[in-house]
Amino acid sequence: MVGLSLGEKNFIKGGIAQDIRTDGRKRLTYRPIFVETGVIPQASGSARVKMGATDVIASVKGRGGEELSVELSTALQRCLLGGKSGAGAGIDLSSLSIVEGKVCWDIYIDGLVVSSDGNLLDALGAAVKAALSNTAIPKVEVTANASSEEQPEVDVSDEEFLQFDTTGVPVIITLTKVGSHYIVDATPEEESQMSSAVSISVNSQGRICGLTKRGGAGLDPSIILDMISVAKHVSDQLFNKLDSEIAAAEACDDE
Amino acid sequence: MRGMQLSLNKTQKLRLERALEQLESLSSKSNSDASVTIADNISVNCEDAILKGHGTTELDGHVVATLCGVVERVNKLVYVRALRARYKPEIGDIIVGRVIEVAPKRWRLEINFSQDAVLMLSSMNLPDGIQRRRTAIDELNMRSIFEENDVICAEVRGFQHDGCLHLQARSQKYGKLERGQLLTITPYLVKKRKQHFHYLEQYGIDLILGCNGYVWVGEHVEVKDPMLVEDQLNKSEQPIADSENSMSSADEVDTCTPLETRQNICRTANAIRVLSTLGFVVTVEVILAVVNLSMSLSLDIHEMLGPEFYVLVAEKEAERRSSLGKKR
């Protein structure tokens, strides 16, 4: 990232204080989001999300995978899977079981950052949501007369698929604090001016699924509560936008 | 369209393609057979003694192009000029650059070129304005003039024998640029003109089109005589500052850009972004036309980066060029 001169830094901070960022957006406006599904044919589901020049691809596979970078993956894990006991998880894991207590699908979600122009977590969260909605889990036939100790025989169908239910999947909103104001969808120049950033994952019922804080500055607890309420407010618009974009992308895909 | 991150619906795509086709048909009337790709034969009269310039080579008795571009002929010299080339500096070019290093007796600037440019301490006016020999103390105080990551406007003075680029900033209009934003566009979209500094009066903003593809859009700064600076400093509410006087920058941190000027700056910056993504040559007239278009449609500033506005700008530009062509 190129450095910024003092004059430019003041311009950015002044802009955020006056609610006009360098490209004219308001503090709580996202850049245009562009969703494309089905970009990786070999995966069970995949999606590519572009926010400005940030470009990320997420793929969902029923097996195997590669490593994510640690910070992004722990943040995503916390936001999507909820606590250790699985309570409040975004994804309904019970839909993945094939035989109760014995065999189930393992979902591996991989994210790839093609180009970064700020706000990676939000883009990755949107890509994961789009990829999951694009995921088709093959239907499995279980032979009925297996005894309870043996491994049951399963027949994985190649034609019939079950769509994943993604209404519970949360979306990640990163609020970057610059000066005394918060902005969503920060560009790299704005991120370099931040004092701290809080990423909150909110689901469609307006409930918080996960929370992560980055940045060196300490935050007063009342500010965090304020940021959470702002995130909930922004999440409504983002959900509508994402759902319409995903539906449009799926419609394009089917053609 | 390189770098188009937009989702255009079908009608928008059609309109955009139609506008671009119209523009292409208007432009290629003059020298359509001059554009060549690699290994195309360049038509030369075999009897003339032709000098083969850059981008050409001799193959089987024919002069063949080695670049994709346009054939230029100057007297006996035939060469191919590439279209999307890196910035090619010439003496007298106005440049906007960023300081990346403060070295002994010079500043090194990054200017979107294959090498870094050098601004010597002796090519820069001293803050007190007196013309004198630079002493060791001046050298130690270089950081008070320009620091790392500062944005500077300067002029190309010349090349050294090793290809290094030298700049000079001896006039009042050159110097540090503050209170604004720097945009990067492809260098070939900024053509060499007489004027690169523009003061848009109705918006109160300064626009500097650097030939290297760096464009500065910022608040208007009055170019003042250093002698009068003392009186100006006393009136600390005024955001106007001498372009070379960096002492008052500490006061300026608190004085914010007025809201309307900031809106105009963002609108102009977005207009330049739209033009650069569409690949149109960036001049003041075109920028003003785009800004007026956005104001007449009373678009929100960030909506200028949406798909509908791109298509409108392309159509408007096609109209403008066709009307220009008809006047001739």
Side-chain angles (χ1 to χ4, degrees), chain A residues 1-37 48-56 114-115 117 123 179 183-185 187-190 192-193 241 244-249 251-252 255, chain B residues 3-10 98-100 110 146-152 176-184 216-219 221 241 246 249-250 252-271 273-274 277 294 299-307:
Chain A
M1 233 302 283
V2 188
L4 291 174
S5 73
L6 189 60
E8 286 173 297
K9 286 183 189 169
N10 291 336
F11 189 75
I12 293 178
K13 284 190 199 156
I16 292 173
Q18 287 179 325
D19 208 18
I20 304 188
R21 292 153 73 173
T22 48
D23 53 359
R25 284 186 284 157
K26 301 229 171 281
R27 285 195 282 264
L28 301 178
T29 315
Y30 267 90
R31 284 173 286 189
I33 304 177
F34 181 55
V35 175
E36 221 181 306
T37 52
R48 178 179 197 165
V49 168
K50 290 189 207 160
M51 268 188 200
T54 298
D55 201 350
V56 296
V114 174
S115 83
D117 195 34
I183 50 176
V184 295
D185 202 8
T187 59
E189 292 92 24
E190 291 166 339
S192 68
Q193 298 306 303
K241 196 157 178 205
S244 64
E245 284 285 322
I246 293 175
C252 265
E255 278 168 24
Chain B
M4 273 284 255
Q5 320 277 350
L6 298 170
S7 48
L8 300 168
N9 62 33
K10 290 216 173 84
R98 201 185 276 281
V99 177
I100 46 176
E110 190 248 321
F146 297 137
E147 261 199 323
E148 273 92 352
N149 291 327
D150 273 348
V151 180
I152 294 183
K176 182 147 66 171
L177 299 170
E178 296 174 316
R179 310 178 131 243
Q181 46 176 315
L182 185 70
L183 302 165
T184 309
W216 174 263
V217 187
E219 238 187 86
V221 171
S246 51
S249 59
E252 283 170 39
V253 169
D254 302 328
T255 58
C256 231
T257 323
L259 187 64
E260 224 195 288
T261 321
R262 191 179 285 279
Q263 283 175 336
N264 294 330
I265 292 177
C266 292
R267 223 177 255 279
T268 318
N270 275 354
R273 286 184 184 115
V274 170
T277 322
S294 79
L299 276 179
D300 238 355
I301 304 178
H302 74 272
E303 280 173 30
M304 287 171 75
L305 298 175

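Throughout, a chain's letter reflects where its sequence line sits, starting with A, and its residues are numbered from 1.
- Between the CG atom in A:D23 and the CE atom in B:M304 there is a gap of 11.0 Å [rounded to 0.5 Å].
- Ranking B:E147, B:R273, B:H302 against chain A, the residue ahead of the rest is B:H302, based on heavy-atom pairs under 4.5 Å.
- In this structure, CG on A:L6 lies 7.5 Å from NZ on B:K176, to the nearest 0.5 angstrom.
- Distance check, rounded to the nearest 0.5 Å: CZ of B:R262 to OG1 of A:T22 gives 9.5 Å.
- Here the closest non-hydrogen pair linking B:C266 and A:I20 is SG-CG2, 3.6 Å.
- Both the backbone and the side chain of B:Q263 come within contact range of chain A, with heavy atoms under 4.5 Å apart.
- Contact of B:R267 with chain A is not made at all, since no heavy-atom distance falls under 4.5 Å.
- Here the CZ-CD1 distance, from A:R21 to B:I301, works out to 13.0 Å after rounding to the nearest 0.5 Å.
- Each of B:N149, B:D150, B:L182 was checked for a side-chain contact (heavy atoms from CB on, under 4.5 Å) with A:E8, and the lone residue meeting it is B:L182.
- Residue A:R31: no heavy atom, backbone or side chain, is found under 4.5 Å from chain B.
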